[in-house]
Every structure is written in C-alpha cells, then in structure tokens.
Amino acid sequence: MLTLYNTLTRRKEEFVPIEPGRVRMYVCGMTVYDYCHLGHARVLVVFDVIVRHLASLGYQVTYVRNITDVDDKIIARAAEKGESLRELTGRFIEAMHEDADALAVLRPDIEPRATDSMDDIVSMIGKLLDKGYAYDGGNGDIYYSVSKFEHYGQLSGKRIEDLRSGARVEVNEAKQDPLDFVLWKSAKHGEPGWPSPWGEGRPGWHIECSAMSTGCLGAHFDIHGGGMDLKFPHHENEIAQSEGATGQHFVNYWIHNGFVQVDEEKMSKSLGNFFTVREILQRYQAEEIRYFILTSHYRSPLSYSDDNLDKARGALQRLYTALRDSVAVDEAQPVPEYETRFRTAMNDDFNTPEALAVLFDLTRAMNRSRQRGGEDAALLAGTLKTLAGRLGLLQSDPELWLRSRHGAGAEGPSDDEIEALIARRDQAREDRDWAEADRLREQLTGLGIVLEDSAGSTRWRRE
RNA sequence: GGCUGGGUGGCAGAGUGGCUAUGCAGCGGAUUGCAAAUCCGUGGACCUCGGUUCGACUCCGGGCCCAGCCUCCA
C-alpha cells in the first residue's frame, strides 16, 4: 500500500487513485529563460522517481510536466538578447531536454507549452469572468478576485486577513484588492501578445498551469507536484482558478519537494548561489548527481557541496564494483526479500534513502556470496540492477562506468596510455621486480588511476 | 508579525515507544608481494526543559536554534 504526504492535509495518506489502476499527475516544470540549475534537476529527478515507482506498482501513469514559455522574465531576456521569444525558449527547452536526458529522467507523457495552450487559457478566464470570480481592471488586465473563493488559503494554511496584514504586496490601483492576482495582462507596445476577447495580451503565470493541467488531465486528477516555493501563491491560486472555473474538486494529492541548499541557504537565482546542471557535469557524472539527489528524502532539504557529491561518487563506486564483479542476470525476478523491502521503503512516501540502504544491504549479501563462491551472487546482482533501475540508477556497464572520466571537463591520460603503463607494470610484476611495479603504480596513482590486482589480471578505474 | 517544515554519531542521512539504519571517514582482523577491492569485527548520536509512560531520540507542552513561504522563484 502506497502512502504519501499530502501537503493539502499535512499528513501521510493512503494513495487511492480516482480511476483504479490509473494515475494522472501534473508537475510544474520550468520557466525557460536560462539553463537548469540543481534545484530544477531535483524536481525532474524526484518526480521521475515517483513516476517510475507508480509504474512499478502497476499503475498506468499519465505524467504531464508543463513548460512556461511566456512571462515577464522571458520577454525581458529575449529583448536583451535580441532574439524572438520562440528562438530563446526553443534554445532553453532543448538545453533542458539535454540535461534531463543526461540525468536519466524519462520524458513526461505530455509536455504542454503555455504558448500552445492559449485557447484553454482564454476559455478558462472567460469562465471565471462569467462566474464572477474575475473582473476587468479597466486597463485591459483581468484579475482574479481572491475574496470570492471561499477556500482560498487551504493549501498554504494562510488566511486572507493574515495575508493582508503581511502587506508586502505591490500597490496597483487597477486591483480591487491587493491580494488579487492577474489572469490576463494586456500587451504594452512592442510586447508579444495573443488575441483574446479582452484585447491582445498574455496570460498570468498561475492561469497557465490551471489551463494546461485541466486541458491535459481533466478537471479533477490525482497528483499535482512542484517545488516547495510554488505552494504559495502559485498552487493556491491554481486551486482557486480551477475550482472556480470548473466547480469541481481539483486535485486529490499535492506533493512538494524541498529545496537544494548551499551553505544553509536556498539555492536560487536571486541569491546568485546556484549551480547549473551543465556546470556540475563538467566535474561530475550525471548519475552521481542523480544519486546525490536521492540520498535525501524528497521533502527534506538537500545540501549541495563538492564533499557530498564526492560521497555520491564513492557510493556508486561501491555499487558498480559489486556489479562488475558479478555477472548480473538481467531478466532475473528480483529476490523477494529485497524486492519487498525496497518496495516497502518506496511505498512509504517515496523513501529513497531507505531504498538505497536496501541496495547496500543487497550489495553486501552479494559480495559475501561471491566470496564464498555462492550460486546466488548472479541472482542478487540481477536483483540489484533491477531495483536500482527503478531509481534510474546502475544501468551503465560497470567496467565502463568505473573507468570513465569524472565529468565532461575532466582531463588526464587516455585509456591507451593507462593500459600501456599497466602492461609495463604487469611485466615488472611477472619479473618480481616489486620496486618497479610499485613505482609504476605510484605514477598511475598520481594520474588518478586506482589499480586492483587480482589473480592473473589487473583492473583499473579512475578515482 | 502570520504560516509551513526541521534540529540524529566526524560528515551525509533514514527510522523506531523497549531490539544493527545505510554510505563515506576511523579502528582491529582476514585476504594481498605491498596495495586496491571485498569480507568479518568494532567505537561513536538522537538541541533543551518539563509532562505522559513500567520505559521516549521516538508521543504531548514550553524554550532555544535553523531553513522556507507571505514579492519572481523548482
């Protein structure tokens, strides 16, 4: 039985899909005006793992992750670069796909773009106007009237009175209430615009997601996810819009992932303390990043540091080393004991650290078995590969992985140069010239190569 | 000020009302020409003050501290 933490109720609940055997899930994706940073990577990986786990439980999952390809920042960036909106967003969508692919993130089933969803957006705003939830600000802008929606604040636990006294809201005389938010912004001169009954303009950020999710999954669906920072106001506003427009209950389960932190602070653009995925890929392998993300529970903070990435590397080395030394039975049915423990961990609100612990217990059992010449080492290796696969890990060839360079920007000797030095050392060892053999090994160590002598052969990997 | 979530061993990070997390690092041993890898063994923790309880790191309350949201943000 799958239980998950529902932000809406603030407790773990049993997951019951609306339609038996099917899951409809929507996640707020990126606003594409720059490269993905580690915070974006976390969302991609976390929900990818959730989708994989749901699929492993036998659910037929429809996963929608949107792309916001029009907003003020995008418009400003495009103007700055002298590019069209479509050119700029096209470039960064491609970059995002490259990063996601590198991180072994499976493509969502549907990836709607805001600019391709204008009909849905305009029609939803129209419904909100008809039903009295929205009003024309008199300047061509359409606003949502927060006080008209009686459940406003249910997701974030905020009350309208508290928000008013909080008073960090911009002053805008077109709004009837400072808490009201924009649904449609009229295009100022030179700004890109789309036609609507209220004139040329563009949608507000919140309405995009309401329209795209409802358009792809219907008025009522199972899971809606995104980063913690979207809980308020973005997701709160989505509920107000969608429920206002359709009159139906919007989403059953809300899932929010925690932040990536740097030095105890949220990694963010405004603080300037962010690292892009491609930047980190210069020094680390994508799988090391993915593993690092999964070492922490998705709702906990994840502290970024080279030290922690190094630890991820060490852990993966242990796993891949074990896999390398056993012949994995690829099509093996997982050993029930480990499969059950793994599934139980994942069923408990997607507890990936616990699931990883199962993988390490399994690895120890496998190494032990192999050392004793046990028959079940191959079966355990197959189990490891299968279970790790559900986390999107350990799918590379172990030998190649262990020998690969650490990141695209890494330097060092070529495989051929390494092999040549090892051949010389093997000769010295055969001649029992230990001094020469050790000298060559030290030379290789200096080049970042670790040797592993075994009966009759020498294996190597990059440290 | 209001609203979330959290404070666990050297580091990272799960979890449980009484019983080994796990990984990295440390220590002892096996193995090895020496290493590496691996295995065996081992030290080390639960912010603070009260309460509930036979028993609390785990439940409840106060305090202190940290992060986040209340403005664009994954």
Side-chain angles (χ1 to χ4, degrees), chain A residues 5 7 10 27-31 36-44 46-47 71-73 153 155-159 161-170 179 205 225-234 236 256-261 264-271 274 291-292 294-297 299-303 305 307-319 321-322 324-325 345 348 351-361 363-364 366-372 402 429 432-435 437-438 441-442 445 449-455 458-461 463:
Chain A
Y5 183 87
T7 313
R10 285 173 212 94
V27 171
C28 291
M30 267 189 85
T31 301
C36 291
H37 66 235
L38 200 51
H40 300 114
R42 189 175 192 193
V43 180
L44 293 173
V46 160
F47 287 99
D71 89 326
D72 292 358
K73 283 183 179 178
L155 179 68
S156 53
K158 293 175 192 300
R159 292 177 306 176
E161 313 85 79
D162 295 338
L163 289 166
R164 289 223 173 83
S165 62
R168 263 205 287 169
V169 192
E170 69 188 282
L179 297 178
W205 176 40
M228 216 64 122
D229 46 358
L230 298 187
K231 199 160 81 174
F232 188 90
H234 185 56
E236 195 71 72
H256 293 96
N257 66 277
F259 297 121
V260 178
Q261 299 188 337
E264 312 278 287
E265 266 184 331
K266 175 185 175 181
M267 178 181 285
S268 72
K269 292 250 165 163
S270 46
L271 287 165
F274 64 92
Y291 180 94
F292 162 66
L294 298 178
T295 54
S296 155
H297 183 87
R299 283 189 283 117
S300 300
L302 177 66
S303 28
S305 69
D307 190 36
N308 289 338
L309 246 8
D310 289 342
K311 284 173 181 164
R313 170 173 299 169
L316 280 172
Q317 271 172 0
R318 175 167 166 78
L319 262 18
T321 300
R324 177 196 63 183
D325 294 338
D348 181 15
N351 192 336
T352 54
E354 189 73 39
L356 289 173
V358 175
L359 259 33
F360 282 99
D361 287 344
T363 297
R364 171 167 293 110
M366 176 169 110
N367 286 333
R368 193 188 295 144
S369 164
R370 195 183 51 247
Q371 203 161 62
R372 292 175 186 161
L402 289 164
R429 290 179 68 216
R432 305 205 142 248
D433 182 355
W434 305 125
D438 289 350
R441 184 170 59 199
E442 269 168 45
T445 303
I449 307 304
V450 179
L451 299 186
E452 295 175 27
D453 293 332
S454 58
T458 299
R459 292 180 142 164
W460 64 273
R461 63 184 162 89
E463 173 35 35

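Convention: sequence-line order gives letters A, B, ...; per-chain numbering from 1.
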May I ask you to verify if any side-chain N or O of Asn308(A) is less than 4.0 angstrom from the OP1 or OP2 atom of C11(B)? no
Check every strand shown and say whether His256(A) touches a base, only sugar-phosphate, or nothing at a heavy-atom separation below 4.0 Å. nothing
Mind checking Gly258(A) for me? I need base, sugar-phosphate or nothing, with any heavy atom below 4.0 Å counting as a touch. base
Have a look at Thr7(A) and say if it touches a base, only the backbone sugar-phosphate, or nothing, with a 4.0 Å heavy-atom cut-off. nothing
Please give the nucleotide sitting opposite A36(B) as a Watson-Crick or G-U wobble pair, both distances under 3.5 Å, or none. none
Base, sugar-phosphate or nothing for Val260(A)? Non-hydrogen atoms, less than 4.0 Å. base
Tell me which nucleotide, if any, is Watson-Crick or G-U wobble paired with U22(B) when both distances must be under 3.5 Å. A12(B)
Just to be sure I understand the rule, does Phe274(A) reach a base, reach only the sugar-phosphate, or reach nothing, if contact means heavy atoms closer than 4.0 Å? nothing
With hydrogens left out and only the distance checked, is there a donor-acceptor pair under 3.5 Å joining Asp453(A)'s side chain and the base of C34(B)? yes
NA contact type, Ser303(A), heavy-atom cut-off 4.0 Å: base, sugar-phosphate, or nothing? sugar-phosphate
Between the side-chain atoms of Arg42(A) and the base atoms of A74(B), is any donor-acceptor pair under 3.5 Å? no
Is the side chain of Arg42(A) donor-acceptor paired with the backbone N or O of Gly258(A) at a distance under 3.5 Å, no angle test? yes
Check every strand shown and say whether Ser305(A) touches a base, only sugar-phosphate, or nothing at a heavy-atom separation below 4.0 Å. nothing
How many angstroms lie between atom CZ of Arg441(A) and atom CG of Asp438(A), to the nearest 0.5 angstrom? 5.0 Å
Using side-chain heavy atoms (C-beta onward) and a distance below 4.5 Å, is Leu163(A) in contact with Glu236(A)? no
Qualifying residues under side-chain contact (heavy atoms from CB on, under 4.5 Å), relative to Asn367(A), sequence neighbours excluded: Arg318(A), Ala322(A), Thr363(A), Arg370(A)
Would you tabulate the pairs of protein nitrogen or oxygen atoms and nucleotide nitrogen or oxygen atoms of nucleotides 39-43 of chain B closer than 3.5 angstrom?
{"from": "C39(B)", "atom 1": "OP1", "to": "Arg318(A)", "atom 2": "NH2", "distance (Å)": "3.2"}
{"from": "C39(B)", "atom 1": "OP1", "to": "Asn367(A)", "atom 2": "ND2", "distance (Å)": "3.2"}
{"from": "C39(B)", "atom 1": "OP2", "to": "Arg318(A)", "atom 2": "NH1", "distance (Å)": "3.3"}
{"from": "C39(B)", "atom 1": "O4'", "to": "Gln371(A)", "atom 2": "OE1", "distance (Å)": "2.8"}
{"from": "C40(B)", "atom 1": "OP1", "to": "Arg368(A)", "atom 2": "NE", "distance (Å)": "2.8"}
{"from": "C40(B)", "atom 1": "OP1", "to": "Arg368(A)", "atom 2": "NH2", "distance (Å)": "2.7"}
{"from": "C40(B)", "atom 1": "OP2", "to": "Arg364(A)", "atom 2": "NE", "distance (Å)": "3.3"}

Contact class for Asn351(A) vs. all strands (heavy atom < 4.0 Å): base, sugar-phosphate, or nothing? sugar-phosphate
Which listed nucleotide (G2(B), A37(B), A74(B)) is nearest to the side chain of Asp229(A)? A74(B)
Check every strand shown and say whether Gly314(A) touches a base, only sugar-phosphate, or nothing at a heavy-atom separation below 4.0 Å. nothing
Base, sugar-phosphate, or nothing for Asp307(A), non-hydrogen atoms under 4.0 angstrom? sugar-phosphate
Minimum-distance nucleotide (side-chain atoms of Trp434(A) versus G33(B), C34(B), A74(B)): G33(B)
With rounding to the nearest 0.5 angstrom, report the CE to NE2 distance, Met30(A) to His37(A). 7.5 Å
Any donor-acceptor pair under 3.5 Å from Asn308(A) side chain to Phe292(A) backbone: no
Identify whether any heavy atom of Asp361(A) sits under 4.0 Å from a base atom; if not, whether one sits that close to sugar-phosphate; answer base, sugar-phosphate or nothing. sugar-phosphate
Got a donor-acceptor pair under 3.5 Å from the side chain of Asp162(A) to the base of G1(B)? no
Both distances under 3.5 Å, Watson-Crick or G-U wobble: report the partner of G41(B), or none. C27(B)
Just checking Arg10(A): base, sugar-phosphate only, or nothing, at a heavy-atom cut-off of under 4.0 Å? sugar-phosphate
Parallel, tilted or perpendicular: ring planes of Tyr291(A) versus Phe360(A), cut at 30 and 60 degrees: perpendicular
From C-beta outward on Pro233(A), which listed nucleotide comes closest to its side chain: G33(B), C70(B), A14(B)? C70(B)
Taking pairing as Watson-Crick or G-U wobble with both contacts under 3.5 Å, can you name the mate of U4(B), or confirm there isn't one? A67(B)
Side-chain donor or acceptor of Lys231(A) under 3.5 Å from a matching atom on the base of C69(B)? no
Closest approach to the side chain of Ala315(A), judged atom by atom: which nucleotide of G33(B), G23(B), A74(B) is it? G23(B)
Name the residue closer to the 5' end of RNA chain B, choosing between Arg429(A) and Phe232(A) according to the nucleotide with the nearest heavy atom. Arg429(A)
Just checking Arg461(A): base, sugar-phosphate only, or nothing, at a heavy-atom cut-off of under 4.0 Å? sugar-phosphate
Phe360(A) side-chain proximity, nearest of U22(B), G15(B), C70(B): U22(B)
I want to confirm an ordering. Mapping Leu451(A) and Gly227(A) to their closest nucleotides on RNA chain B, which one lands closer to the 5' end? Leu451(A)
With sugar-phosphate meaning primed atoms plus P, OP1 and OP2, does Glu264(A) contact a base, only sugar-phosphate, or nothing at under 4.0 Å between heavy atoms? sugar-phosphate
Does the pair Arg429(A) and Thr458(A) meet the rule for a side chain to side chain donor-acceptor pair (under 3.5 Å), with working shown? CA-CA 11 Å; Arg429(A) 290 179 68 216; Thr458(A) 299; 3.3 Å; yes
What about Lys311(A), does its side chain sit under 3.5 Å from the base of C11(B) through a donor-acceptor pair? yes
